[in-house]
K.L.:
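Just dropping this structure here.
Here the structure is a predicted model, which is why all the values come from computation and not from measurement.
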Amino acid sequence: MDRFEARCWLDWWANSSTLLGSVEVAVDIAATDAGWRARGRLVSDEDQEPFAFLSDLDPVFLLRFEDGSTVAVTVHPDGHRDFILTEYAGPLRRSVENRIALG
């Protein structure tokens with residue numbers, strides 16, 4: 001298989017039991033000499049704002065396939081709803097800090 005095109009989900013987990021966000025995406029994954037290359041697009045415009053917020057907090061998501069299998073990926077925005085994916089090889093537990101100014 002040299003190419004895989006499908007609908008998948010990008011899941012953003014706060015911890016091992018709390019899924020903060022999940023967006024449906026269309027992905028195109030192609031085999032390369034160096035491994036793989038992946039591009040994607042949000043399926044819905046409505047997901048743009050929450051997806052951008054989570055990506056800004058931490059760009060590491062779990063790419064979940066229809067069969068339930070997952071791979072950790074880093075999302076690199078490439079336009080309004082488009083992005084590039086790279087495999088994430090670091091630790092799945094990372095600290096994320098965000099402060100919201102009230103008033």
Side-chain angles (χ1 to χ4, degrees):
M1 173 178 86
D2 292 334
R3 178 175 232 97
F4 173 80
E5 294 180 59
R7 294 267 177 109
C8 301
W9 295 265
L10 284 170
D11 297 334
W12 198 98
W13 290 85
N15 56 45
S16 61
S17 62
T18 306
L19 176 63
L20 279 188
S22 182
V23 294
E24 188 174 7
V25 296
V27 296
D28 178 0
I29 303 170
T32 68
D33 292 338
W36 55 275
R37 173 192 56 76
R39 297 192 60 82
R41 181 172 182 84
L42 294 175
V43 171
S44 171
D45 272 334
E46 293 175 11
D47 290 331
Q48 173 59 30
E49 191 173 323
F51 177 69
F53 174 77
L54 293 174
S55 295
D56 286 345
L57 282 178
D58 185 6
V60 177
F61 288 75
L62 282 181
L63 178 62
R64 180 170 41 93
F65 299 93
E66 193 171 67
D67 68 359
S69 62
T70 61
V71 62
V73 296
T74 302
V75 173
H76 308 274
D78 190 32
H80 176 64
R81 289 175 29 199
D82 299 323
F83 52 85
I84 297 169
L85 298 174
T86 56
E87 186 171 11
Y88 175 76
L92 286 180
R93 290 182 183 219
R94 295 165 318 286
S95 71
V96 173
E97 186 174 319
N98 184 41
R99 296 185 190 273
I100 298 173
L102 300 175

K.L.:
Find out whether Asp45 and His80 are in side-chain contact, i.e. whether some heavy atom of one side chain is under 4.5 Å from a heavy atom of the other.
P.N.:
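Counting from C-beta outward, Asp45 and His80 do come under 4.5 Å.
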K.L.:
Of all the heavy-atom pairs spanning Val75 and Ser55, show the shortest one and how long it is.
P.N.:
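Closest approach of Val75 to Ser55: CG1-OG, 4.4 Å.
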K.L.:
Please check if the side chain of Trp36 supplies one atom and the backbone of Glu87 the other of a donor-acceptor pair under 3.5 Å.
P.N.:
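Side chain of Trp36 to backbone of Glu87: no pair is present.
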K.L.:
Check side chain to side chain contact (heavy atoms under 4.5 Å, CB included) between Ala26 and all other residues, then give those that pass, not counting sequence neighbours.
P.N.:
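Ala26: side chain to side chain contact (heavy atoms under 4.5 Å, CB included) contacts with Arg7.
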K.L.:
For a side chain to side chain contact (heavy atoms under 4.5 Å, CB included) with Phe61, tell me which candidate from Thr74, Leu85, Val71, Leu10 qualifies.
P.N.:
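Among Thr74, Leu85, Val71, Leu10, the one that satisfies the side chain to side chain contact (heavy atoms under 4.5 Å, CB included) with Phe61 is Leu10.
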K.L.:
Could you list the residues that satisfy side-chain hydrogen bond (donor to acceptor under 3.5 Å, both in side chains) with Thr70, not counting sequence neighbours?
P.N.:
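Thr70 satisfies side-chain hydrogen bond (donor to acceptor under 3.5 Å, both in side chains) with no residue once adjacent residues are dropped.
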K.L.:
Provide the full list of salt bridge (charged side-chain N to carboxylate O under 4.0 Å, His left out) pairs with a residue in residues 70-79, sequence neighbours left out, each pair given once.
P.N.:
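Matches after skipping sequence neighbours: Arg39-Asp78.
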K.L.:
So which atom in Leu54 and which in Trp12 form the shortest heavy-atom distance, rounded to 0.1 Å?
P.N.:
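Looks like O-NE1, 3.3 Å.
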K.L.:
Would you compute the distance between atom CG of Leu62 and atom OH of Tyr88 and round it to the nearest 0.5 angstrom?
P.N.:
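Rounded to the nearest 0.5 Å, the CG-OH separation comes out at 11.0 Å.
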K.L.:
Under the salt bridge (Lys or Arg N to Asp or Glu O under 4.0 Å) test, which residues partner Glu49, sequence neighbours left out?
P.N.:
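If we apply the salt bridge (Lys or Arg N to Asp or Glu O under 4.0 Å) test to Glu49, skipping adjacent residues, there are no hits.
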K.L.:
To the nearest 0.5 Å, what is the distance between OG1 on Thr86 and CZ on Arg37?
P.N.:
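Between Thr86 OG1 and Arg37 CZ, I get 13.0 Å after rounding to 0.5 Å.
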K.L.:
According to side-chain hydrogen bond (donor to acceptor under 3.5 Å, both in side chains), who are the partners of Asp67, at least two apart in sequence or on a separate chain?
P.N.:
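Only Ser69 meet the side-chain hydrogen bond (donor to acceptor under 3.5 Å, both in side chains) criterion with Asp67.
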K.L.:
Quick one: does Arg81's side chain have a donor or acceptor within less than 3.5 Å of a partner on Arg41's backbone?
P.N.:
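No.
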K.L.:
Which atom pairs, donor and acceptor, lie under 3.5 Å between side-chain atoms of residues 18-25 and protein residues at least two apart or in another chain?
P.N.:
residue : atom : partner : partner atom : Å
Thr18   : OG1  : Asn15   : OD1          : 3.1
Ser22   : OG   : Asp11   : OD1          : 2.5
Ser22   : OG   : Arg64   : NH2          : 3.3

K.L.:
Check for me, please, whether Trp9 and Ile84 land in the same ILVMFWY cluster - side-chain distances under 4.5 Å, paths through other members count.
P.N.:
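Each belongs to a different hydrophobic cluster.
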K.L.:
Measure up the Phe4 and Phe65 rings against each other and bin them: parallel (under 30°), tilted (30 to 60°), perpendicular (over 60°).
P.N.:
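Correct class here is perpendicular.
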K.L.:
In terms of relative ring orientation, are Phe51 and Phe83 parallel, tilted or perpendicular, with 30° and 60° separating the classes?
P.N.:
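Ring orientation of Phe51 relative to Phe83: tilted.
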